[in-house]
Amino acid sequence: MSIGKNIKHDSSLAHVTGESIFIDDREALASEVFVGVVGSPVACGTLKKIYSQKALEYPTCLAVYTAKDLVVKKWGAIVHDQPLLVEEEIGYIGEPICIFACSNRYDLEEIKKLFTFDILAKEGVFTLEEALKKNNLLYAAPKPFVQGDIKKGFEESEYILEGSFYSGGQEHFYMESQASVAYPMENGQIEVHSSSQHPSETQRLVAEALGLSFQQVVCIVKRLGGGFGGKESQAAPIAVYAALVASKFNRAARLILTKDEDMKITGKRHPFYSEYKVGFSNEGLINALKVKLNADAGAYLDLSSSILERAMFHADGAYYLQNVHIEGRAFKTNNASNTAYRGFGGPQGNMVVESILEDIALFLKKDSFDIRRLNIYQNKNTKTPYGQDLENNMLPALFDKVLISSDYKKRLTQIEHWNNKKYGSLKGISITAVKFGIAFTARFLNQGSALVNLHLDGSLQVSTGAIEMGQGINTKLGQIVAHCFGVSCDVVQVMTTSTEKNHNTSPTAASSGSDINGAAALQASNQIKARLTKLAQLIFKNEISDDLNEFELGDSNLSGDIVFVDGQVKEISSGKKLSLKELIQMAYFNRVSLGGYSFYKTPEVGFSKETVEGKAFNYYTQGVAVSEVIVDEYTGEVKVTGTDILMDLGRPLNPGIDKGQTTGAFIQGMGWVTTEKLVYDNKGNLLTHSPTTYKIPNIQDTPRTFNVDFICNEDNQCNVHRSKAVGEPPFLLGISVWTAIKHALSFRNIKNINSELTSPATNETVLVELMRLKGV
Ligand code: MTE
Ligand code: HPA
Ligand code: MOS
């Protein structure tokens with residue numbers, strides 16, 4: 001049986017050999033044209049005129065299109081506030097103004113240089129600081145999350161700390177840039193192949209922009225070379241540009257952003273600036289916490305309101321706050337419109353409270369592990385700031401286990417010794433925790449469907465709305481279907497995702513891809529299995545007649561007496577058996593359906609931000625990480641010497657893949673809080689738009705000792721095969737590297753002042769903070 005097994009990723013070999021097909025690996029048709037996007041040279045202003053004559057004179061430039069060529073001109077994941085192509089007002093540098101078609105892809109860059117514009121430029125707003133000062137409010141959460149009595153909480157606190165905390169943006173750095181190829185079909189139909197996490201949204205936007213009905217557009221997604229949230233909303237306009245050219249020319253059209261272009265013009269993780277006030281006791285127990293979260297939304301709303309909300313949902317981190325007040329606002333700036341990124345605001349919310357806890361420990365001169373252990377949700381205190389009870393709480397067990405397995409206390413003593421003895425390098429150690437809410441907070445997105453075909457040779461195909469972006473969802477779906485029929489995974493093919501097989505799908509996001517699509521695939525498989533079970537019972541009883549359609553073969557006939565194992569179907573009571581293949585043949589010739597289609601919706605979830613009521617999450621994925629760092633006192637260089645991660649993933653569907661996800665997410669989180677710094681000039685130009693200047697972690701940056709382990713949790717009932725989602729939660733554990741740096745620096749706090757470390761803690765940031773603490 002394949003559930004819980006380390007089945008290898010279905011594309012692992014092909015990724016390494018280069019055989020995996022991404023958008024730009026599709027062979028170009030002889031008549032294919034290439035699409036170039038021309039962006040605004042300024043961040044803010046009014047567009048008066050586009051000069052495209054020079055471009056059109058270029059021999060391979062075939063046509064130029066502007067907003068005038070679009071039927072619906074605006075888009076947006078939540079509110080349609082963002083121009084597909086600028087009509088008048090410009091929101092950020094590189095914002096698409098027009099697109100052009102070209103017969104030679106190698107001329108694209110030359111032609112882009114030939115466009116000029118008449119623009120009435122205005123002063124832009126580029127930082128949260130300025131946006132707050134100017135009160136450029138774009139969206140405010142309708143109500144704060146409030147529990148207890150915050151005023152009383154502060155009054156009863158022995159100590160109060162007030163401060164602010166800044167965390168920076170982050171480039172997605174997927175390997176495959178935004179990409180799309182569109183093919184014109186008969187009767188005005190369009191087939192778009194897109195590198196999109198949300199094919200249904202892409203289908204709808206293409207149809208609207210081109211004035212087609214939704215049935216005329218099919219969006220197909222084979223796989224993504226990484227998405228990380230960056231292709232949840234922002235893949236759709238790219239597909240529109242390709243589809244527009246394809247429909248105008250009646251030729252296939254391809255649009256592949258260059259890496260630099262992609263980095264400059266697509267949205268990133270939201271930078272956050274948060275203000276807080278915390279009251280706590282002598283022991284370090286938080287009595288009251290007030291947090292104001294401020295997000296830099298960029299030029300348009302995109303998913304910012306949802307992201308802000310998830311930040312609010314995660315401002316408690318893993319800690320019980322009896323008196324709490326959390327509010328959130330998103331501000332408009334003239335940066336590219338920020339968007340979903342692994343964790344979806346959760347990391348930004350969570351990091352504030354982890355920073356605060358580290359500060360409390362330093363203030364009280366106590367061990368931060370003990371302070372955190374004291375504050376986590378205990379089994380008596382499980383109410384979150386938004387009223388949901390934390391069920392199946394594994395936090396105490398996770399803390400207690402990792403304390404032992406990481407040998408934390410001994411290492412802490414060694415570190416204190418090291419830092420007091422030596423000069424030149426500082427060590428630090430810290431634990432942080434994650435309690436990540438699983439479900440889309442927009443209730444309607446918690447739905448999915450699956451189509452399963454059982455073929456006469458016993459092989460299976462499964463199609464869902466899920467997108468494979470490296471996270472291994474296809475492997476997990478294959479396991480679920482194979483397990484259901486008692487066959488091996490190589491008998492099951494997960495098919496290319498397409499909006500004609502599964503309609504009105506949700507994005508593969510919120511880590512819930514395998515929860516939703518896996519559950520739907522299991523239901524669809526069970527439909528077929530129920531019919532086959534009934535048929536097998538009849539065969540074993542010798543009651544088979546000419547036409548089985550007379551029998552009620554459908555509804556829930558999954559009898560425990562009939563089992564599907566190792567390609568066989570057995571009746572336990574009688575000991576009779578036949579091969580699955582034989583049974584399928586019998587079914588076919590007796591006109592029994594061998595197809596399943598099922599719809600799944602996550603039960604019970606639904607939270608209203610207007611009333612702050614309802615169940616926001618289906619369940620929580622939890623975990624802890626202990627990280628140890630060494631900081632060079634002369635250069636600020638940081639090395640992670642060791643990390644111990646312990647996660648609760650229920651019963652993992654595929655521990656090997658989940659280990660990969662945990663490792664990758666942690667490293668990506670670590671990059672966010674250490675080296676990945678976005679630098680802009682004072683006009684809003686992104687200077688760090690290539691790997692030469694934007695530093696993601698490489699293999700040498702990974703923790704020298706890296707232990708990733710899962711706790712055994714048999715009590716989680718609420719998800720497919722009792723598994724838990726893994727995609728985003730471990731990202732938040734990267735924060736432990738940052739708090740460990742904070743711990744290390746505290747050993748040189750000669751001036752006895754509060755830490756002002758921001759994120760990312762780059763070498764420069766670390767060095768400057770170290771000098772400030774030393775009073776140099
Ligand atoms: N893993 C890889 N290799 N590539 C990705 O793009 N995206 C992450 C995560 N893991 C991603 C990834 C994000 S942002 C999410 S929401 C989940 O995968 C989505 O997939 P799932 O719901 O199947 O976990
Ligand atoms: N998470 C990720 N993506 C989303 C969500 C969410 O909660 N809501 C809408 N898109
Ligand atoms: Mo992930 S940020 O929900 O795509």
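We count residues from 1, following the sequence as given. Start at 1 and go down the list; that is how both ligands and their atoms are numbered. What you see below is based on every heavy atom in this structure, not just the backbone, and it leaves out hydrogens, waters and symmetry mates.
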Counting C-beta onward and ignoring hydrogens, is there a side-chain heavy-atom pair between [X] and [Y] closer than 4.5 Å?
{"X": "F440", "Y": "S512", "answer": "yes"}
{"X": "L733", "Y": "M647", "answer": "yes"}
{"X": "L390", "Y": "Q622", "answer": "yes"}

Just to confirm my output: which protein heavy-atom neighbour is closest to [atom], and how far is it?
{"atom": "atom 2 (S) of ligand 3", "value": "R342 N, 3.2 Å"}
{"atom": "atom 22 (O) of ligand 1", "value": "G513 N, 2.7 Å"}
{"atom": "atom 8 (N) of ligand 2", "value": "F440 CD2, 3.7 Å"}
{"atom": "atom 1 (Mo) of ligand 3", "value": "E728 OE2, 3.6 Å"}
{"atom": "atom 4 (O) of ligand 3", "value": "Q197 NE2, 2.8 Å"}
{"atom": "atom 15 (C) of ligand 1", "value": "E728 CG, 4.0 Å"}
{"atom": "atom 7 (O) of ligand 2", "value": "R310 NH2, 3.2 Å"}
{"atom": "atom 3 (O) of ligand 3", "value": "A510 N, 2.6 Å"}
{"atom": "atom 6 (C) of ligand 2", "value": "F344 CE2, 3.4 Å"}
{"atom": "atom 9 (C) of ligand 2", "value": "L445 CD1, 3.5 Å"}

Who's closest to [atom] heavy-atom-wise, of [options]?
{"atom": "atom 13 (C) of ligand 1", "options": "R342, E232, K231", "value": "R342"}
{"atom": "atom 20 (O) of ligand 1", "options": "E468, Q197, M175, Q471", "value": "Q471"}
{"atom": "atom 3 (N) of ligand 2", "options": "R342, E232, R443", "value": "E232"}
{"atom": "atom 1 (N) of ligand 1", "options": "H9, Q661, M469", "value": "Q661"}
{"atom": "atom 1 (N) of ligand 2", "options": "S233, A510, S511", "value": "A510"}

Side-chain ion pair, D658 and K724, N-O less than 4.0 Å: no
Parallel, tilted or perpendicular, as decided by the 30° and 60° cut-offs, for the rings of Y92 and Y300: perpendicular
[X] (side chain) donor-acceptor with [Y] (main chain) under 3.5 angstrom:
{"X": "Q388", "Y": "K615", "value": "no"}
{"X": "Q523", "Y": "F599", "value": "yes"}
{"X": "K501", "Y": "T496", "value": "yes"}

side-chain hydrogen bond (donor to acceptor under 3.5 Å, both in side chains) evaluation trace for Q668 with Y341: CA-CA 11 Å; Q668 204 170 28; Y341 195 141; 3.2 Å; yes
Which segment of A665 sits under 4.0 Å of ligand 1 when only heavy atoms are counted: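 It is neither; nothing of A665 touches ligand 1.
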N or O pair under 3.5 Å between F228 and ligand 1: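 Such a contact does occur with ligand 1.
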Contact check: S512 vs ligand 1, nitrogen or oxygen atoms, below 3.5 angstrom: yes
F145 six-ring face occupied by K609 cation (under 6.0 Å, within 45°):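 Cation-pi check for K609 and F145: fails.
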Cation-aromatic face contact R223/F22, 6.0 Å, 45 degrees: yes
At less than 4.0 angstrom from any non-hydrogen atom of [X], what atoms of ligand 1 do you find?
{"X": "G227", "answer": "5 (C), 6 (O)"}
{"X": "G226", "answer": "6 (O)"}
{"X": "A510", "answer": "16 (S)"}
{"X": "A509", "answer": "16 (S)"}
{"X": "G470", "answer": "2 (C), 3 (N)"}

Atoms of ligand 2 close to T441 [distance to a heavy atom under 4.0 angstrom, numbered from 1]: 7 (O)
Residues in side chain to side chain contact (heavy atoms under 4.5 Å, CB included) contact with M1, at least two apart in sequence or another chain: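 Applying side chain to side chain contact (heavy atoms under 4.5 Å, CB included) to M1 gives H483, V565.
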Value rounded to 0.5 Å, distance of NE2 in H270 from CG in L303: 8.0 Å
For [X], counting its heavy atoms only, list the atoms of ligand 3 lying under 4.0 Å from any of them.
{"X": "A509", "answer": "3 (O), 4 (O)"}
{"X": "Y341", "answer": "2 (S)"}
{"X": "G229", "answer": "2 (S), 4 (O)"}

Any G229 heavy atom less than 4.0 Å from ligand 1: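 Contact present.
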Steps toward side-chain hydrogen bond (donor to acceptor under 3.5 Å, both in side chains) verdict (H314, N350): CA-CA 5 Å; H314 289 80; N350 195 97; over 6 Å; no
Within the 6.0 Å centroid threshold, strictly below: F165 and W738: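 Yes; W738 has its ring centre under 6.0 Å from that of F165.
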I711, CD1 atom: more than 12 neighbouring heavy atoms under 6.0 Å: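 Above 12, so yes.
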